[in-house]
2 protein chains.
Amino acid sequence: MDHKQLGYFLTLAETLHFARASEQCHVSAPTLSRQIKQLEQELGTELFIRDNRSVRLTVNGKAFVDYAQATLAKWRQFKGQCQDSAGPLTGELSMYCSVTATYSFTYDLFAVFRKQFPAIELNLNTGDPAFSINHVQTGKEDVAVAVAPSHLPQGVAYLPLGKSKLVIIAPTMDCPLSELINSHLNTPSLWEQLPFIMPEHGVLKERIDAFCARQKLTPKVYAHVSGHEAMVALASLGFGVACVPQIVLEQSPFLNQVQHLEVEPKGSLEEIEIGLICKQKRLQDPVVSALWQCATQLFSNPYS
Amino acid sequence: MDHKQLGYFLTLAETLHFARASEQCHVSAPTLSRQIKQLEQELGTELFIRDNRSVRLTVNGKAFVDYAQATLAKWRQFKGQCQDSAGPLTGELSMYCSVTATYSFTYDLFAVFRKQFPAIELNLNTGDPAFSINHVQTGKEDVAVAVAPSHLPQGVAYLPLGKSKLVIIAPTMDCPLSELINSHLNTPSLWEQLPFIMPEHGVLKERIDAFCARQKLTPKVYAHVSGHEAMVALASLGFGVACVPQIVLEQSPFLNQVQHLEVEPKGSLEEIEIGLICKQKRLQDPVVSALWQCATQLFSNPYS
DNA sequence: TACTGTATTTCATTTTTTGAAAGGTAAAAT
DNA sequence: ATTTTACCTTTCAAAAAATGAAATACAGTA
C-alpha cells in the first residue's frame, strides 16, 4: 500500500467519478481504476460500488476515508517533526521563470515555500521560458519554470504546474492591420496576409509552426521576439498578430488593447503545459528538494 | 511511501546490518539500500548513520520506528475490521503438497489460516511435489507447495516459503551397500559403483542430473521413485543411495537408519527453494487470496 | 601491504506501470 | 427500437522503474 493510492482514493471518494478524479490526480482513468482495484484487493474488501452510471462508497469505503486522511495527516506531521528537530533549512536557491509565472504559478509556490523554509534565500531571474531547459541543464539555475516540451531531455525532472490555452491576438486600435482583419473576417485568405509576431525559440514556436503546417499556411513573419510578454505589447501596438498563452494575456496590462482571433477548427492550436524543471541530480540537494516538495504538495497531489 | 519500505526499515532498524536485513526481506542488499535512501529522501531526513563499519539509528530514525510500527498496526487493524464487518469468509480451498510440507512449512500456515478464516473448508492432498505445478496449472488444485523451478511458467504466482539443502543418504545397516561405501570411502571411484535411487520427475531430478554431469558421473540407477519421503525409506532399507532435501530427512522416521555422504566440493549440490504456487488468476478468488495473504504475512515479510 | 567485511554504484535485464484505444454496458435521447 | 451518450474496465505495446550481479569504495585488521 502506497500513499499515492491513498491520494487517488481520497480524490475518487470526493468526486465519485473516475474520469474527473483521474484528471485531478494527473493520471489516466485506467491507471486510477487499476490502483483502486489493487487497493481493494490488498484490503480484501470493496471500497466503491460502481455500475456504469455511478460510483458510491461502500461502508468500508467510508471508513477508509477516515483511515486515509488520518494516515496522511500522521505522515505529514511526522515529516514536519523531522524538519523541526533538524533546525531550519538554510541555503540558496536560484530559479528562472517568466514574468507571467511570477504572477501566477509561482506566486502561491513562493508563499508556501517561504512559510515553510523562511531561511532559504531565493534568487529569482525572469526571462523567456524558451531558455529554461538550457539554463537548468547547464547548471546556471537550480530550477526553472518551463513550457513542457514534447520530449524531456534525460536527467531532467519535471513537475506539471498547470496548462494554458494558446490564443491569437490582434490589435483593437485603428490601424492598417485591424482594417485588414475586419474586411477579411472569416475568409481563409486572411491568414495569408497577416503579419506574424513569432517567438524566436521554444515550444511556443513549435506549436505555431505545427499549426501553420496543418493549415497549409506560410505566415508572413513581421518580427521575432524573445519573451511572451513582449509579444503582447507589440501586438497591441499594431505590429502584427501574435500567439501567446492565455495566461500571459490575462496578466498583461495591454489586455484591453487586443482582440482574439478565432482559429478553425477549434483546438487545432494545442494548449501548452507549464511545469517546473530541474536537473534530476540537483534534487538530492536538500534545498532544491524542499522547493520541489512544496511544489508537489501544491500542484501535483492535493492529498499526500 | 510504501508499506514495503516500512517493513524494510523496521528490519534494518532491528538488525542494523544491510546484508542481513536484506536477506530477511528477501531482496538484495542494493535494493534495500536504495529503498532506505528513498525513504530518507521522502522524509527529508536521515534515518540511519552508516559508515562502512556500522549502521546506527538517528534520533529521527528512532522516532520513525514507532511511527512505522504504529502505521502498520493501524493498517492491520483496519484490514481486520473490514473482514469482520463483511461476515466470515466461507468457501472451499484445495491444496496439494508433500507429506513433509504438512509437517513443516504448511503446519504454521494452516494454524494461522484456520484461526483467521475458520469457515473456509480446506481440502488437502499430499503427493510428489514434482506434480505440483501441473496440478495448479490444470486447475486441479487451487494452490500447491512446490520446489521452485528455475523458470516459472507464465501466469503462475510464486511465494517463497523456505529453503532446504540437499543431502545424500545411504543405509547404516549392515548390507552389501554399506560395506561398499566403507571400503571405498573418499575414493572417487566409489560414486561410479553406487546404485542410485532417483526421483522420477521434477526439480530434484534436475539437480541430481546437473550434479552428476558436473562430476562427470554416470550413475547406476537402481530405482525411480515418486515422492521424496519414499526415497528415504528405500535408502534406509539398503536399496541404494538417495538425494533428498534435508528437511524431508529430518522429518523421516528412518532418520537414524541412514548416514550422510559428503559431496565434494561442498555446495556443488545446489540447495532447493520451496514455495507456494497458484495460478495468477486464481488469486482474484477471495478464498485463495486469503490463504495467500496469510502465507505472505507468515513467510515473506515479517513486517507488513 | 594485502585482506576482510560491508555499504553503495553501475549497468543490463526484468518487471511493473502507464495510457491510448477498444470494449462493454446501461441509461437517455431520438 | 435504435442510436447516442456517459463512463468504467480491459487490452496491448511502449515507457519507466525496480532489481540484482558484479564492480567499487572504504575502513578497519592481519
Side-chain angles (χ1 to χ4, degrees), chain A residues 1-5 7-9 11-13 15-42 46-58 61 150-160 270 273 280-281 283-284 300, chain B residues 1-5 7-9 11-13 15-42 46-57 61 150-160 273 280-281 283-284 300:
Chain A
M1 203 275 305
D2 195 321
H3 278 188
K4 192 177 56 178
Q5 292 173 321
Y8 294 164
F9 168 81
T11 308
L12 182 59
T15 62
L16 296 177
H17 192 292
F18 276 79
R20 270 191 282 280
S22 71
E23 197 182 4
Q24 273 190 43
C25 297
H26 306 287
V27 294
S28 69
T31 296
L32 181 65
S33 175
R34 270 173 311 207
Q35 295 285 349
I36 295 291
K37 193 187 297 181
Q38 185 183 319
L39 186 55
E40 290 178 322
Q41 183 146 177
E42 223 170 327
E46 305 248 300
L47 262 14
F48 296 99
I49 300 163
R50 43 266 211 212
D51 55 42
N52 291 356
R53 294 278 95 190
S54 66
V55 177
R56 276 164 304 146
L57 280 165
T58 61
S150 47
H151 291 299
L152 268 175
Q154 194 114 61
V156 173
Y158 174 81
L159 185 75
E270 204 191 341
E273 191 183 77
Q280 205 101 52
K281 293 250 173 187
L283 279 176
Q284 311 265 108
S300 176
Chain B
M1 204 275 305
D2 195 320
H3 277 187
K4 194 178 52 176
Q5 291 173 320
Y8 293 164
F9 168 81
T11 309
L12 182 59
T15 62
L16 296 177
H17 191 292
F18 276 81
R20 270 191 282 282
S22 71
E23 196 181 5
Q24 271 190 43
C25 296
H26 307 286
V27 294
S28 69
T31 296
L32 180 65
S33 174
R34 270 172 311 207
Q35 295 284 350
I36 295 290
K37 193 186 298 181
Q38 184 183 318
L39 186 55
E40 290 179 322
Q41 183 145 183
E42 224 171 326
E46 306 248 298
L47 262 13
F48 295 99
I49 300 163
R50 40 257 213 227
D51 56 43
N52 291 357
R53 294 276 93 189
S54 68
V55 177
R56 276 166 303 147
L57 280 165
S150 46
H151 291 298
L152 268 174
Q154 192 114 63
V156 173
Y158 175 80
L159 186 77
E273 190 182 77
Q280 204 103 52
K281 294 249 173 191
L283 279 176
Q284 312 264 108
S300 178

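Chain letters run A, B, ... following the sequence lines, proteins first and then strands; every chain starts at 1.
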Over how many whole Å does the gap from B:Arg56 atom CZ to C:dT6 atom P extend?
16 Å
So do A:Leu39 and A:Met1 actually touch side chain to side chain, heavy atoms under 4.5 Å?
yes
In terms of side-chain heavy atoms of B:Pro30, which of C:dA20, C:dA26, C:dT9 is nearest?
C:dT9
Contact under 4.0 Å: B:Lys37 side-chain N or O vs C:dT9 OP1/OP2
yes
5'-most contact on DNA chain C (nearest-nucleotide basis), B:Ala29 vs A:Arg34, goes to B:Ala29
Are any non-hydrogen side-chain atoms of A:Ile36 and A:Arg50 less than 4.5 angstrom apart?
yes
Just checking, any donor-acceptor pair under 3.5 angstrom between side chains of B:Gln38 and B:Tyr8?
no
C:dA7 P sits how many Å from B:Ile49 CD1, rounded?
15 Å
Side chain of A:Phe18 - closest among C:dA7, D:dT9, D:dT19
D:dT9
Checking C:dT8, C:dG19, D:dC8 against the side chain of A:Val27 (C-beta onward), the nearest is C:dG19
Consider the side chain of B:Val55, meaning its heavy atoms from C-beta on, and name the nucleotide among C:dT8, C:dA7, D:dT19 that approaches it most closely.
C:dA7
Can you identify which nucleotide, out of C:dT18, C:dT9, C:dA26, has its nearest atom closest to the A:Arg53 side chain?
C:dA26
Is B:Gln38 touching bases, backbone alone, or none of the nucleic acid, heavy atoms closer than 4.0 Å?
nothing
OP1, OP2 of C:dT8 versus side-chain N and O of B:Ser33: anything below 4.0 Å?
yes
Nucleotide D:dT9, atom C1' - distance to CD of A:Gln41 in whole Å
15 Å
Taking only side-chain N and O atoms of B:Lys4, does any of them lie within less than 4.0 angstrom of OP1 or OP2 on C:dT16?
no
Please report the distance, rounded to the nearest Å, between CG in A:Leu12 and C1' in D:dC8.
11 Å
Is the number of heavy atoms from other residues, nucleotides or ligands under 6.0 Å of A:Glu42 CD greater than 12?
yes
Rounded to the nearest angstrom, tell me the gap between atom CD in B:Gln5 and atom C1' in D:dA18.
12 Å
Under 4.0 Å between a side-chain N or O of B:Thr31 and OP1 or OP2 of D:dG20?
yes
Do A:Phe48 and A:Thr58 come close enough that some side-chain heavy atom pair is under 4.5 Å?
no
Starting at CD1 of A:Ile36 and ending at P of C:dT17, how long is that distance when rounded to a whole Å?
15 Å
What's the closest nucleotide to the B:Arg50 side chain, out of C:dA20, D:dA21, C:dA7?
C:dA7
Provide, to the nearest angstrom, the distance between the CD atom belonging to B:Glu23 and the P atom belonging to D:dT19.
17 Å
Using whole Å, what does the distance between atom C1' of nucleotide C:dT4 and atom NE2 of B:His17 come to?
12 Å
